[in-house]
*Asks:* 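Have a look at this one.
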Amino acid sequence: MRFSQLLLPTLKETPAEAEVVSHKLMLRAGFIRKLASGIYCYLPLGLKSIRKVEQIVQEEMNNAGAQELLLPMVQPADLWQESGRWKKYGPELLRFTDRHQRESCLGPTHEEVITDLVRKNIHSYRSLPLNLYQIQTKFRDEIRPRFGLMRGREFIMKDGYSFDASQKGAEATYDKMNHAYHRIFKRCGLRFRAVEADSGTIGGSFSHEFMVLADTGEDTVVICKQCSYAANMEKARAMETTAPQDVKELPLAKVETPGKRKVQAVCEFLDISPKNLVKTLIYVADGKPVAVLLRGDHAVQEVKLQNLLGANEVRLADDKETFDFTGTPTGYLGPVGLPLKIVADREVTKMTNFTVGANEKNHHLINVNIGRDFTPAQTADLRMVNEEDRCPLCGGQLELTRGIEVGHIFKLGTTYSEALKATFLDERGKETPFVMGCYGIGVSRAVAAAIEQNHDEDGIIFPLPIAPFQVMLLNLSTKDAEITAAAETLYEELKNLGIEVLLDDRDERPGIKFKDADLIGIPFRVMVGNSLTKEGKIEIKERAGGLTTAVSFGETAERLKQMIESAMTNCQI
Ligand code: ATP
Ligand code: MG
């Protein structure tokens, strides 16, 4: 491809609309242009990168036994009514009415459509398992579309759905997909971790998110420094502390704590550690109040709380609600004598002689003990893991780092097949609902995530497997006949070797070409300029690391071929 003929509008200045680096660089490098909020045009170079991700996804999905199909983007409302999601999905689902007053929506995901397709066409266990996927434009009317391709309203997703005859079969399919996803992201040249994710009411660890590790990621990922344990914040567990043995329970006492409402203030005033104080937070779970107990230095993980309570929505009560529910102002609440349902974080049960609010303004209770002074209705792991915590598997130090979710695999069970009455006849002729799984990859987001992970102040540093081109060939003097002829010869040679090459044949100063090459981030830059006319040498510069090698003109193409092959082996499995 020739730069001079390509729609590749690079920009010197960073457009004001862009907040994160991938968005800035994709605009500047001429990969994307915004059409409307969260809706982008993919320009030729951006699309090339996207297509490379798609190709890897297709190869690995096909290898794992999945079949590609393509489902409609417009979906009728009745299917969503059948699954119950027409009401539940909320405003991210873009709904509209056609000229015949039929209601439809733009697909944000395709569980309903695929389940409908399968229920109409698959009737026997003999046709199972079945694993179907598509790569398609999705629409989600995100409340805050932002960061360019990272969180668009219209974006490209690979979504796959599996149908098995049994739980055991579904688990095996899940494992296969897990394996395929590892291969996909490795082959894309990304540093990533598969993390345990919350699977809501389905339970177990049958949900994994694939996170590209990048400081700018929106998600916090908990990883063990010692073993392979990794989880997102919603799911992350820590090793339980052991309760001290044979501690004598001291007599309960009420103490004055005038104006001391915050954990830190109470602890300073009473000269105790937050580790010896239990805070009481009032939550509203589907409209009902519940008191949540936590150690003073811990924080609630609301998804864990929501799962424990089986609630659709939980939120912290505001000060007024708290007072209305308890008769006590925020800051002086405690579990002793509290007329509300009490749930306690597991770590609270390891504590003895701790301090709590006295349910009376300006007062706290000291030497409180579970069992003697109050009993929680339920105890569970309800808290957020922090960096002081130890790995639940090996006891190693946990680390909190940032990630970008590029994939999600999820065991759906029979939620959709039951709702849509999608059944098959099993070996004994009994009607049985399909056991399903779903597997998503944010294809367009993956390209943005690759840039978030791999860039410097000059521009993108593309991982070779998903770079729009492998080689950028710079003709550094289009007015010089010898240099131009050499560049053209090299261009043909590289193409003949099957190397993807972008020739910068523009009539521009070398400085501008260097800047654009750095910005676009193609892994190998080949410079045809004065060193050719003076010394017969061509310079090859690696975008990552900046290593420059001078080679003779005649061996340039072969040398590049070797360099590409050896760089690709790092991304092979
Ligand atoms: P998020 O928590 O980031 O909103 P999600 O849980 O809604 O993601 P899924 O429904 O699991 O996402 O979709 C599968 C994949 O699609 C995600 O892993 C992500 O990579 C991608 N994706 C989801 N929403 C968007 C979006 N608005 N823009 C770009 N990619 C997205
Ligand atoms: Mg989402």
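In listed order, ligands and their atoms are each counted from 1.
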*Asks:* Relative to ligand 1, is R151 under 4.0 angstrom through side chain, backbone, both or neither, heavy atoms considered?
*Replies:*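 Both of them.
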
*Asks:* Run the numbers for me: atoms of ligand 1, each under 4.0 Å from some heavy atom of R445, listed by number.
*Replies:*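 Here the atoms of ligand 1 in question are 3 (O), 19 (C), 20 (O), 22 (N), 23 (C), 24 (N), 25 (C), 26 (C), 29 (C), 30 (N), 31 (C).
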
*Asks:* Can you tell me which portion of T109 lies within the under-4.0 Å heavy-atom range of ligand 1? Options are side chain, backbone, both, or neither.
*Replies:*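 It is neither part, as no heavy atom is under 4.0 Å.
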
*Asks:* Within 45 degrees of the ring normal and closer than 6.0 Å to the centroid, is that where the cationic atom of R95 sits relative to W80?
*Replies:*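 Here R95 fails the 6.0 Å and 45° test against W80.
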
*Asks:* Heavy atom under 4.0 Å from ligand 1: found in E218's side chain, backbone, both, or neither?
*Replies:*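 For E218, there is no contact with ligand 1 at all, from either part.
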
*Asks:* Would the number of heavy atoms belonging to other residues, nucleotides or ligands and lying under 6.0 Å from CD1 of I143 be above 12?
*Replies:*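 For I143, atom CD1 is not crowded (no more than 12 foreign heavy atoms under 6.0 Å).
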
*Asks:* Are G152 and ligand 1 in contact, using a heavy-atom cut-off of under 4.0 Å?
*Replies:*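 Yes; G152 lies near enough to ligand 1 that a heavy-atom distance drops under 4.0 Å.
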
*Asks:* Side chains of H208 and Y174: donor-acceptor distance under 3.5 Å anywhere?
*Replies:*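 Yes, because at least one side-chain N or O of H208 sits under 3.5 Å from a partner of the opposite role on Y174.
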
*Asks:* Think K48 forms a cation-pi with F469, using NZ or CZ under 6.0 Å from the six-ring centre and within 45 degrees of its axis?
*Replies:*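 Judged by the rule (NZ or CZ under 6.0 Å from the ring centre, within 45° of its axis), K48 counts as positioned above F469.
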
*Asks:* Check each heavy atom of E405 against ligand 1 and say whether those closer than 4.0 Å belong to the side chain, the backbone, both or neither.
*Replies:*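 Both backbone and side chain of E405 come within 4.0 Å of ligand 1.
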
*Asks:* Quick one: do the H110 and K138 side chains pair a donor with an acceptor below 3.5 Å?
*Replies:*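 The answer is yes; a qualifying pair exists.
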
*Asks:* Taking only heavy atoms of L149 into account, list the atoms of ligand 1 that are under 4.0 Å away from them.
*Replies:*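 The list of qualifying atoms is 29 (C).
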
*Asks:* Would E209 count as a contact residue for ligand 1, given that I'm defining contact as a non-hydrogen atom of the residue lying under 4.0 Å from a ligand atom?
*Replies:*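 No; E209 lies far enough from ligand 1 that no heavy-atom distance drops under 4.0 Å.
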
*Asks:* Examine E142 against ligand 1 and note whether any of their N/O atoms are separated by less than 3.5 Å.
*Replies:*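 E142 vs ligand 1: N/O contact under 3.5 Å present.
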
*Asks:* Among F155, F139, F210, which one has a heavy atom closest to atom 30 (N) of ligand 1?
*Replies:*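 Looking at heavy atoms only, the winner is F155.
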
*Asks:* Could you tell me which atoms of ligand 1, counted from 1 in the order shown, lie closer than 4.0 angstrom to a heavy atom of H408?
*Replies:*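 Listed by number with element: 11 (O).
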
*Asks:* Determine whether S207 and K411 satisfy the following criterion, side-chain contact (heavy atoms from CB on, under 4.5 Å), listing intermediate values before the conclusion.
*Replies:* CA-CA 6 Å; S207 173; K411 202 171 147 223; over 6 Å; no

*Asks:* With no hydrogens and no angle check, do the side chains of Q134 and D159 hold a donor and an acceptor under 3.5 Å apart?
*Replies:*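 Yes - a donor-acceptor pair under 3.5 Å links their side chains.
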
*Asks:* Would you say the rings of F192 and H182 are close, in the sense that their centroids are separated by under 6.0 Å?
*Replies:*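 Yes, the ring of H182 comes within the 6.0 Å limit of the ring of F192, centre to centre.
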
*Asks:* Are any of the N/O atoms in G440 less than 3.5 Å from those in ligand 1?
*Replies:*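 No, no N or O pair falls under 3.5 Å.
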
